[in-house]
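Contents: one structure, followed by commentary.
Source: prediction; values computed, not measured. For the single chain, residues carry numbers from 1 onward in sequence order.
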Amino acid sequence: MSSMPHPRIHRNSVCAVVGYGSWATAIVKILLENGSIVRWHVRNPEVKAHLAAHRTNPKYLSQVHFPADRLTVTDDIGSAVRDSDVIIFAVPSAFLGLTLEPLDRGALDGKFIVSAIKGIVPDGYVTVAEWFNRRYGVPFDRIGIVTGPCHAEEVALERLSYLTMVCKDPATAELLGDKFANDYIRVCFSTDIYGAEYAAVLKNIYAIAVGIAHGLGYGDNFLAVLISNAALEMEHFLTETFAAERNVCRSAYLGDLLVTCYSQFSRNRTFGVMIGKGYSVKNAQMEMNMVAEGYYAADCIHRLRARFGIEMPIAEAVYGVLYERRSPAAQLKNILDRLA
């Protein structure tokens, strides 16, 4: 466990953003518009060069133009971390270990970590906060979670969105929230790190289920029933694994579930639709330009569900399709009588 003093978060804290996907790009946009100094770690040499020459990300949210002042783009994660106070991670969870491989264990001492990752780290099947705590000794009071419902594409269009900033200390959550709040982003606050992370993991699984159902031809009436039962299943899991004072009807839980299940921008729903229409899991993954976090989440939740003895028929149906090559149509049919 790190013995470094608690980092001071203030208005002028320098932020690093690790990742160059759509959500990382949206976060950089928000931070710069709010006046933050940003170090942006971009591993892809093509994207890094394009940003230097044209101030846009050619792969994601290409309509967003970044000002030259207050932004440094680098492929050196060591310098990005060293020169920053707050490190915001927005890479696919499966690539987190590879991205941070150049950093030694003490590199994050004295830094505040914010996870914008909605997924499970496959290496150990743990949440991002748990992974940073185990791998780098970062105390949980120096880890924050920023969660939705909030699709990057709508941030690029500056459509009104709500984020939830989650920290063990409410005052720290508010200080970090100030870096995200603006005319089109409103920020709520929570101390439920466990619930916020696992809700974000579970909603991706349920979005795959909804996508599969849509791909198979089920209509809106059934999808509403499926999603409402998914919300109950989510609440059951959170209560059985880590009971706390939480209201799962709040936007960080139910709101994020709804937008991920219904939105045209949802990669997990899209992944499920492809499978429902007959794609193999491998072919659907190859055709998508972005990672569907629900794929890894399904395996993790399957293991945790078994460990705690929790009944989760929707999550298990998705697991059966993704990992046991079971028929999507048969898996859905098997749970119809268990929905209400």
Side chains of Leu31 and Trp40 in contact at under 4.5 Å (non-hydrogen atoms): no
Atom pair NZ (Lys179) and CD1 (Ile185), whose distance is rounded to the nearest 0.5 Å: 15.5 Å
Rounded distance [0.5 Å steps], CG in Asp83 versus CZ in Arg39: 5.5 Å
ILVMFWY network linking Phe89 to Phe140, side-chain heavy atoms under 4.5 angstrom: yes
Nearest heavy-atom neighbours spanning Ile205 and Val318: O-CG2, 3.7 Å
Any donor-acceptor N or O pair under 3.5 Å, side chains Tyr125, Asp299: yes
Test salt bridge (charged side-chain N to carboxylate O under 4.0 Å, His left out) applied to Glu233 - qualifying residues, sequence neighbours left out: none
Ionic contact status for Glu33 with Lys29, cut-off 4.0 Å: yes
Shared hydrophobic cluster, Val291 / Val259 (ILVMFWY, side-chain heavy atoms < 4.5 Å): no
Ser22 versus Arg267, side-chain donor and acceptor atoms under 3.5 Å: yes
Exercise: identify the closest heavy-atom pair between Leu223 and Ala213: CD2-CB, 3.6 Å
Pairs where residues 263-300 contributes a residue and the test ring pair (Phe, Tyr, Trp, His ring centres under 6.0 Å) is met, not counting sequence neighbours: Tyr295-Tyr323
For Glu46, all residues meeting side chain to side chain contact (heavy atoms under 4.5 Å, CB included), sequence neighbours excluded: Asn44, Lys59
Gap between atom CZ of Phe222 and atom CD1 of Ile227 - 0.5 Å precision: 10.0 Å
Joint cluster assignment, Phe237 & Leu322, ILVMFWY side-chain distance < 4.5 Å: yes
Joint cluster assignment, Tyr184 & Phe66, ILVMFWY side-chain distance < 4.5 Å: yes
Shortest non-hydrogen contact from Thr164 toward Gly148: OG1-O, 4.1 Å
Side-chain touch Val155/Cys150, heavy atoms, less than 4.5 angstrom: yes
Contact check, side chains of Tyr198 and Thr127, non-hydrogen atoms, under 4.5 Å: yes
CZ-CG distance between Arg142 and Asp109, expressed to the nearest 0.5 angstrom: 6.5 Å
Fellow cluster residues of Val14, listed by chain then number, with links counted only when side-chain atoms sit under 4.5 Å apart: Ile37
Spacing of CD belonging to Glu316 relative to CZ belonging to Arg338, to within rounding of 0.5 Å: 9.5 Å
Path from Leu332 to Leu232 over hydrophobic side-chain contacts below 4.5 Å: no
Asp169 (side chain) donor-acceptor with Asp141 (main chain) under 3.5 angstrom: no
Donor-acceptor contact below 3.5 Å, side chain Asn334 vs main chain Ala330: yes
Shortest non-hydrogen separation from Leu257 to Ala230 and the atoms involved: CD2-C, 4.4 Å
Pairwise side-chain contact, Cys167 with Phe189, heavy-atom cut-off 4.5 Å (strictly under): no
Exceeds 12 heavy-atom contacts within 6.0 angstrom, atom CG of Asp337: no
Validation row: Pro92, Glu293 side chains within 4.5 angstrom (heavy atoms): yes
Ser228 side chain vs Ala224 backbone, donor-acceptor pair below 3.5 Å: yes
Distance-only side-chain donor-acceptor flag, Thr241 / Tyr194, under 3.5 Å: yes
Heavy-atom side-chain proximity of Tyr60 to Val47 below 4.5 angstrom: no
Qualifying residues under side chain to side chain contact (heavy atoms under 4.5 Å, CB included), relative to Val201, sequence neighbours excluded: Ile120, Ala297, Ile301
Heavy-atom side-chain proximity of Val128 to Ile113 below 4.5 angstrom: no
From CG (Asn57) to NE2 (His65), nearest 0.5 Å: 12.5 Å
Shared-cluster residues of Leu160, by chain and number - hydrophobic side chains joined below 4.5 Å: Tyr162
Donor-acceptor contact below 3.5 Å, side chain Arg269 vs main chain Thr260: no
Closest non-hydrogen atom pair between Ile193 and Lys168, with its separation: CD1-CG, 3.7 Å
CZ/Arg186: more than 12 non-hydrogen atoms of other groups inside 6.0 Å: no
Shortest non-hydrogen contact between Leu32 and Pro67, atoms and distance: CD1-CD, 4.1 Å
Expected output: side-chain Lys111 to main-chain Ser84 donor-acceptor under 3.5 Å: yes
Side-chain touch Asn268/Tyr206, heavy atoms, less than 4.5 angstrom: no
